[in-house]
Structure formats: C-alpha cells, structure tokens
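To start, the structure itself, in structure tokens.
Since the structure is predicted, the reported quantities are computational estimates derived from the model, not experimental observations.
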Amino acid sequence: MGTESDNLHNAEGNEKKVESTQNLESTYNKNSSKEDSIDELNSENNKEDQSVEETTIPEKDYESFSLEKLIDELKYLHNHYPVQLIGENINSIRDIFLKKFDEHETERKQKFLDEGGDELSYQPDQFLKNKFNSAYHDYKTKLNSYYKEQEQNEQNNLNKRLQIIEELKELYTTPMESISSFFKKFRDIKERWHNAGKIPKSRAGDVFRTYFHHLDNTHEFIKLNKELEELDYAHNLEQRRAIISRAEELTTEPSVQKALNELQYLHKLWKEQAEPVAEEFRESTWQEFKAITQKIHERKSELFEKIKEEQQANLEKKQAIISQLETIASAENPDHSFWQNNVKKIENLREAFFTTGRIPKETSSDTWSKFKSLLHEINNKKNTFYKDLKKIQQENLKKKNDLLEIAKANKDSEEWEVALNLYKKIQNEWKNIGHVPRKYSDKLWDEFRENCNYFFNRYKLRNNKVNEEWIENLKRKQSLLEEISSISATDKEDALAKINDYSIQWNSIGKVPRENMNINKEFNSAIKNLIKKFDIDKNIIDEIQLNIKVENYKQSKDDKKLDEDLRKMRKQIQDLGHEIVQLENNLSYFSNANQDNPLLQNTLNNIESKKTKLDELKQTYSKLVNLNLSESDSNYEDGEGISEETGEE
C-alpha cells in the first residue's frame with residue numbers, strides 16, 4: 001500500500017473514480033436502467049490493476065543523455081516498470097538515440113575524412129547501435145509476451161464466466177435438492193463471478209447482459225418460493241450490514257485516498273452480492289449506506305487541499321532549481337575551472353528536479369519548458385567552450401612544436417650570446433603559450449627541455465678556465481676552514497684579530513662552484529663558535545656578522561633573498577617604531593609614580609632595549625639597501641640550465 005503522499009499525486013484520476021462511484025449509486029434505485037448498470041459493472045470489471053494504473057514514471061530530459069546513458073535508461077525502464085506503461089518513454093528514447101547516433105556517425109566520418117581517410121574504406125561504428133537494438137528487442141519481446149499473456153488470461157476468464165452463466169442458468173431451471181444447497185450454490189456462483197477477472201472487450205457487453213438476465217431470472221425463481229426468498233433476503237441483508245459497517249470505518253480512515261478507493265469497491269460489492277433484501281430494509285439500508293458515502297465524499301476537500309499544498313511546495317522547489325540553473329547559464333566568460341566546479345552541481349540539480357514530484361497543472365508546462373530550455377542552453381555553452389578550447393589547444397600545440405624546432409636547430413650554436421638570448425626568449429614564450437592536449441604535453445615538454453639543457457650544458461663548459469678557478473677556490477676555502485677549526489688564541493684581542501684576518505682571506509678567495517655554496521655557511525658557523533668561545537663584545541659581533549652577511553649576499557648573487565630580507569627588516573623597523581611610540585604613550589600612566597616603581601622601570605628598560613634594537617636594524621638595513629649584487633661577475637647566471645618551473649602545469 002502506498003503512502004499518503006504517493007496517493008496524493010493521483011488526485012485527478014481519483015476524482016474521476018469518485019465521480020464513477022457516485023454514478024454507480026444511481027444503479028441501486030429501483031427504477032434505474034438495467035443496461036446502464038451492466039455497462040458500468042462491465043467497465044469496472046475491465047479496469048487494470050490499480051497499483052499498476054497509478055505507477056508514476058519520473059520525467060527525464062532524454063535530450064541531454066549520451067548514447068550510452070540512453071541505452072542504460074532503456075534497460076532501467078524495462079527492468080523496473082510494468083512493460084505496458086513505458087511505451088511512450090521507450091519511443092522517445094528510441095527517436096532521440098537514432099538522431100544522436102546519426103550525428104555521432106556524421107561527425108566520426110567527417111573526422112576520418114579530415115585525417116586523410118578514403119570515403120569508400122570508412123567503416124561505421126555499429127557497437128552502440130547493436131547494443132541499443134539488443135535492449136530494444138528485449139523490450140519488444142517482453143511487451144509481446146505481456147499482450148499474449150493478457151489475451152490468454154482474458155480468454156480463460158471468458159471461459160470461466162461462460163461456465164458460471166451456465167451454472168446459474170442450471171440453478172433455477174432444474175429441480176433443487178434442498179434450500180440450503182440452492183443458496184450455497186447461488187452464493188458460490190456470485191462470489192466466483194465477482195472474482196473472475198477481465199475478459200475480451202469485444203465479448204464483455206453480451207456476456208454481462210447474459211449474466212444479469214439469468215441473475216434476474218434466479219431472483220424471480222426465488223420469489224416464487226417464499227422460504228427461498230426469505231433466506232436470500234436474510235443473507236443479502238447480512239451482506240449489506242457488513243458493507244455498511246466497513247463503510248462506517250472508512251469515515252475515520254487516515255488516508256482519504258484509501259477510503260475513496262475502498263468505497264468504490266464496496267459499491268460494486270453492494271450491487272453484486274447484497275441485492276435484493278426485504279422491502280422494509282431496502283430503502284433504509286440504502287439510505288444509511290448512501291449517507292456514509294456522502295460523508296466520505298465530503299473528505300475530498302481535505303485530499304485536494306493536501307494535494308494543493310504539496311504541489312505548491314514542489315513548484316517552489318523547482319523554481320529554486322531553475323533559479324540556480326539561470327545563474328549558471330548567465331555566467332560570463334566561463335572557463336575550464338568553472339565547468340569542472342559546476343558539472344556535478346548541474347547533474348544534482350537535474351536529479352532534484354526530476355525527483356521533486358508533481359506541481360500545479362497550470363504551471364507544469366511552462367516550468368518544464370523553462371527547465372529544459374536552461375539545460376539545453378547550458379549544455380550548448382559547455383560544448384561550445386570545449387570545442388573552442390580544443391581548437392586553442394591545437395593552436396598552442398603548433399606554437400610549441402615551432403619552438404621545439406627552434407631549440408633543436410640552435411642547440412649546437414657557438415654564437416654564445418646570441419644563442420643564449422634566443423633560448424631565454426623561447427623559454428619565456430613557452431611558459432606563456434598555455435595548455436596543449438594532455439596526451440602530447442609531457443612528451444613535448446621533455447623533448448624541449450632536453451634540447452635547451454643540451455645548449456646550456458655546452459654554454460657552461462665554454463668557460464672551463466673559470467670553472468677550474470672556482471674549483472681551486474673551493475680547495476683553498478676548504479683548507480682555510482680546517483685552519484679555523486683548529487685556531488688557538490691567547491685572548492679576545494688575539495681571537496678577534498685572527499677572525500678578521502680569516503674573514504679577509506675568505507672573502508678574497510672568490511667564488512666556488514654553485515653546488516658547493518654551503519661552504520660559506522660552514523664558515524659562518526665556525527666564526528660564530530669562535531665569537532661565543534672568547535665572549536667578544538656584541539657590537540663587534542654584530543659588525544662582523546653584518547660584514548659576513550654582506551659578503552654572503554655578494555657571493556650568492558641571490559637578489560630575491562636580499563629583497564626578501566630587506567622587506568622583513570622594513571617590517572621589523574616599522575613594528576618596533578610603533579611599539580616604542582605605544583610604550584612612550586603608556587608613560588603617561590606613571591606621571592605620579594616614583595622613579596623606583598617596578599612597572600615604570602620595566603617600561604623604561606623595555607623602551608631602551610627596543611630603541612637599541614631599532615638602531616641596529618637601521619644600520620644593517622642602511623648597509624644592505626645600498627648593496628649592488630649586479631656588480632659581481634655574472635657567470636653565476638650564465639649557463640643556467642632550464643628549470644622544471646618553466647614546464648607545463
């Protein structure tokens with residue numbers, strides 16, 4: 001049994017069923033038309049199972065589905081819904097698949113021809129087509145089986161009903177054995193007729209008229225026998241009481257839809273199994289049943305109000321989804337990142353729209369059209385973007401291939417300065433070109449880097465004499481570092497003199513190979529250890545350390561490091577200045593305090609300490625800010641190999 005919410009979605013159909021029930025009531029009046037009664041009961045008998053009839057298949061935008069997804073959707077419908085209800089959806093999927101498959105084949109063939117293929121040798125891709133045809137064939141096979149089974153069932157039911165009619169005819173035309181056996185057979189016949197099921201429509205009218213003809217004859221036969229009539233009346237009255245009792249329970253049934261559905265069944269049961277009764281009970285029981293029926297019908301307003309509220313809530317949800325899609329569709333200049341971030345969101349919004357449920361009928365068409373139009377617009381924008389992106393990447397691929405050819409053509413050049421500038425230029429151009437198709441990216445980059453590095457390695461080796469000098473400098477510094485490690489001094493003055501002497505020697509030696517630059521850090525560390533060992537004055541230490549720092553910058557030629565350190569010093573100078581001003585302002589709180597006040601003394605000491613540190617920083621900054629690293633030999637930059645940073649992202 002479905003939930004209350006499930007039942008609400010079928011309001012229109014249910015309203016028609018209720019009207020049908022009301023129409024059936026007229027058949028219980030004594031003067032009603034027998035022909036009308038037969039037609040109505042025949043119509044009821046031929047209705048399909050209600051649970052199947054009320055099955056709702058969610059709406060989906062098949063136009064946005066890929067070929068694979070259309071096949072999957074066909075299989076899903078075939079496996080999850082009654083085959084007789086999915087024809088419209090299957091036909092829609094089939095039409096869209098065939099259209100998209102033709103477009104796919106046209107594009108595939110054109111690409112084949114563009115790449116130099118011969119039209120006569122082109123082979124269509126039948127894999128997806130065959131896969132779809134197989135799934136569609138399974139659906140048609142199942143549908144045909146369903147219709148054959150239905151046809152066989154209806155024929156079997158027809159045979160049952162014809163047999164029941166013959167039994168009914170025999171019942172009143174042959175002598176009865178006993179009153180009890182007569183009524184037992186009569187009730188059994190009516191019960192079996194009630195449950196006999198659908199029959200072919202072409203035979204339904206005649207069969208039902210024949211049955212009611214013999215049913216009337218049976219009632220006439222019963223009237224001729226007073227005892228039979230009284231027993232029949234008593235039994236039918238008992239049936240009526242049971243029906244009325246159940247109808248009374250339906251007035252408090254929480255599910256209005258369930259109550260309406262079962263009431264319709266009770267009216268049918270009343271006609272088939274609770275007629276006739278004694279004259280004194282006929283009108284009273286009918287009026288009682290009719291009053292209860294009216295009471296249940298009055299609850300329709302409760303049902304329709306719930307339907308209205310739920311559909312309005314669903315409309316608001318769908319309008320919110322449409323609003324989000326409008327925001328995506330109206331985005332200006334969406335890039336790859338935009339589509340990557342929103343593709344999942346779009347899919348979730350689509351799914352939410354389809355699962356939200358029904359909305360007011362008057363808004364359904366416009367809402368669906370707007371939703372479908374927005375999805376179509378978004379898909380077109382996305383497809384156009386990636387088509388354009390593919391075109392741009394192909395152009396980038398050509399540009400990078402051109403740069404690769406330049407790198408290959410000049411890697412053995414001995415016009416060193418011209419070639420050096422050329423390679424620096426093409427490296428910068430490479431970085432600014434942008435993405436190429438992923439399948440070419442790594443291979444292209446590796447080949448370009450290999451050719452550039454080949455030239456730079458040759459460029460480095462052009463000055464073997466310089467390299468040899470740097471290696472000799474390294475050996476001298478290593479020797480000097482060993483002497484420093486074993487230095488002995490009699491006092492501070494002696495130690496300071498040796499430190500200065502070693503510093504002068506160290507800085508006069510010159511550059512070392514780049515890969516051995518850490519030896520300068522070892523030297524600085526050794527000097528610091530000596531300073532600590534002999535407890536040399538801080539100002540002297542600061543001066544020595546500053547000089548060493550300056551020399552290190554000159555040795556390293558690291559402009560970025562120097563700029564970063566200067567930036568940090570400026571920030572420290574600024575922060576210290578603010579702190580000193582704040583502390584001096586705080587002295588106003590001590591205007592009446594004694595000079596030996598601990599808090600006042602602490603504040604004054606803090607100010608003095610920060611001023612000292614500020615002066616030291618300013619001196620260091622002043623010396624470093626005027627340092628020009630470009631005056632040193634440019635060989636550290638010359639011949640640098642290409643770094644990974646210039647590669648593809």
Side-chain angles (χ1 to χ4, degrees), residues 2-20 48 50 52-66 69-70 72-74 76-77 80-100 103 256-257 260 300-331 342 345-383:
T3 63
E4 180 76 12
S5 176
D6 294 333
N7 290 327
L8 290 176
H9 290 313
N10 299 287
E12 269 189 50
N14 295 326
E15 186 173 9
K16 292 177 182 178
K17 291 177 183 178
V18 171
E19 290 171 358
S20 175
E48 293 190 35
Q50 187 171 317
V52 175
E53 189 180 67
E54 295 179 356
T55 299
T56 300
I57 302 175
E59 295 177 339
K60 293 187 179 181
D61 181 19
Y62 297 138
E63 288 281 359
S64 66
F65 284 19
S66 66
K69 195 169 182 181
L70 286 169
D72 292 340
E73 181 65 15
L74 189 154
Y76 178 82
L77 291 172
H80 291 81
Y81 292 98
V83 68
Q84 70 273 23
L85 300 184
I86 60 176
E88 184 177 346
N89 299 72
I90 296 293
N91 290 335
S92 177
I93 289 173
R94 181 193 60 194
D95 294 343
I96 292 170
F97 178 89
L98 293 176
K99 182 185 74 171
K100 288 198 170 192
E103 293 172 354
V256 179
Q257 185 57 63
L260 291 170
K300 282 193 297 182
S301 60
E302 176 186 340
L303 172 66
F304 296 143
E305 186 60 33
K306 287 183 179 180
I307 293 172
K308 184 177 179 181
E309 290 175 2
E310 183 178 286
Q311 291 186 347
Q312 184 60 37
N314 290 340
L315 175 61
E316 291 173 4
K317 291 177 184 177
K318 289 192 174 184
Q319 287 173 338
I321 291 170
I322 288 173
S323 177
Q324 293 184 66
L325 289 174
E326 285 175 335
T327 301
I328 295 173
S330 62
N342 282 281
K345 180 179 179 182
I346 294 168
E347 184 61 29
N348 290 339
L349 289 172
R350 287 180 66 256
E351 189 65 26
F353 187 92
F354 290 130
T355 57
T356 294
R358 295 181 184 272
I359 60 176
K361 189 174 182 180
E362 64 272 14
T363 64
S364 180
S365 179
D366 289 344
T367 303
W368 169 249
S369 297
K370 196 167 188 178
F371 171 75
K372 191 173 181 180
S373 174
L374 280 169
L375 281 184
H376 187 67
E377 180 182 353
I378 290 170
N379 284 330
N380 281 344
K381 280 190 173 183
K382 184 180 69 170
N383 293 337

| NZ/Lys100: more than 12 non-hydrogen atoms of other groups inside 6.0 Å | yes
| N-O pairing of Arg358 and Glu310 below 4.0 Å | no
| said: Closer than 3.5 angstrom, by distance alone: can the side chain of Lys318 be matched with the main-chain N or O of Gly357 as a donor-acceptor pair? | reply: yes
| message | To the nearest 0.5 Å, what is the distance between CG on Leu74 and OG on Ser92? | response | 11.0 Å
| What is the distance from atom OG1 of Thr327 to atom NZ of Lys345, rounded to the nearest 0.5 Å? | 7.0 Å
| Can you check whether Leu77 reaches Ile93 side chain to side chain, under 4.5 Å on heavy atoms? | yes
| query | Can you find a pair of side-chain heavy atoms, one from Ile322 and one from Glu326, that are under 4.5 Å apart? | reply | yes
| message | Within the 4.5 Å heavy-atom criterion, are Arg94 and Leu70 side-chain neighbours or not? | response | no
| Using 30° and 60° as the class limits, which term best fits the ring planes of Phe371 and Phe354: parallel, tilted or perpendicular? | perpendicular
| task | Flag the pair Lys361 / Gln311 as yes when at least one side-chain heavy-atom distance between them is below 4.5 Å, and no otherwise. | result | no
| query | How about Tyr62 and Asn89: do any of their side-chain heavy atoms sit closer than 4.5 Å? | reply | yes
| task | Could you check if a side-chain atom of Ile328 sits within less than 4.5 angstrom of a side-chain atom of Leu374, using non-hydrogen atoms only? | result | no
| message | If we ignore hydrogens and angles and just use 3.5 Å, is the side chain of His376 paired with the main-chain N or O of Lys372 as donor and acceptor? | response | no
| query | So with a 6.0 Å cut-off around CD of Glu88, is the heavy-atom count from everything else above 12? | reply | no
| request: Please indicate whether Lys381 has more than 12 foreign heavy atoms, meaning atoms of other residues, nucleotides or ligands, lying under 6.0 Å from its NZ. | output: yes
| Straight-line distance of Ile378 CD1 to Arg350 CZ, nearest 0.5 Å | 10.5 Å
| request: Please work out which of the three classes, parallel, tilted or perpendicular, describes the rings of Phe353 and Trp368, given edges at 30° and 60°. | output: tilted
| said: Nearest 0.5 Å, please: how far is NZ in Lys370 from OG in Ser323? | reply: 9.0 Å
| message | For Ile359, is there any backbone N or O sitting under 3.5 Å from a side-chain donor or acceptor partner on Thr363? | response | no
| task | Look only at the side chain of Ser369 and the backbone of Ser365, and say whether a donor-acceptor pair between them is shorter than 3.5 Å. | result | yes
| When rounded to the nearest 0.5 angstrom, what is the spacing between CG in Leu85 and CD1 in Ile90? | 11.5 Å
| query | Do the non-hydrogen side-chain atoms of Ile321 and Thr356 ever get within less than 4.5 Å of each other? | reply | yes
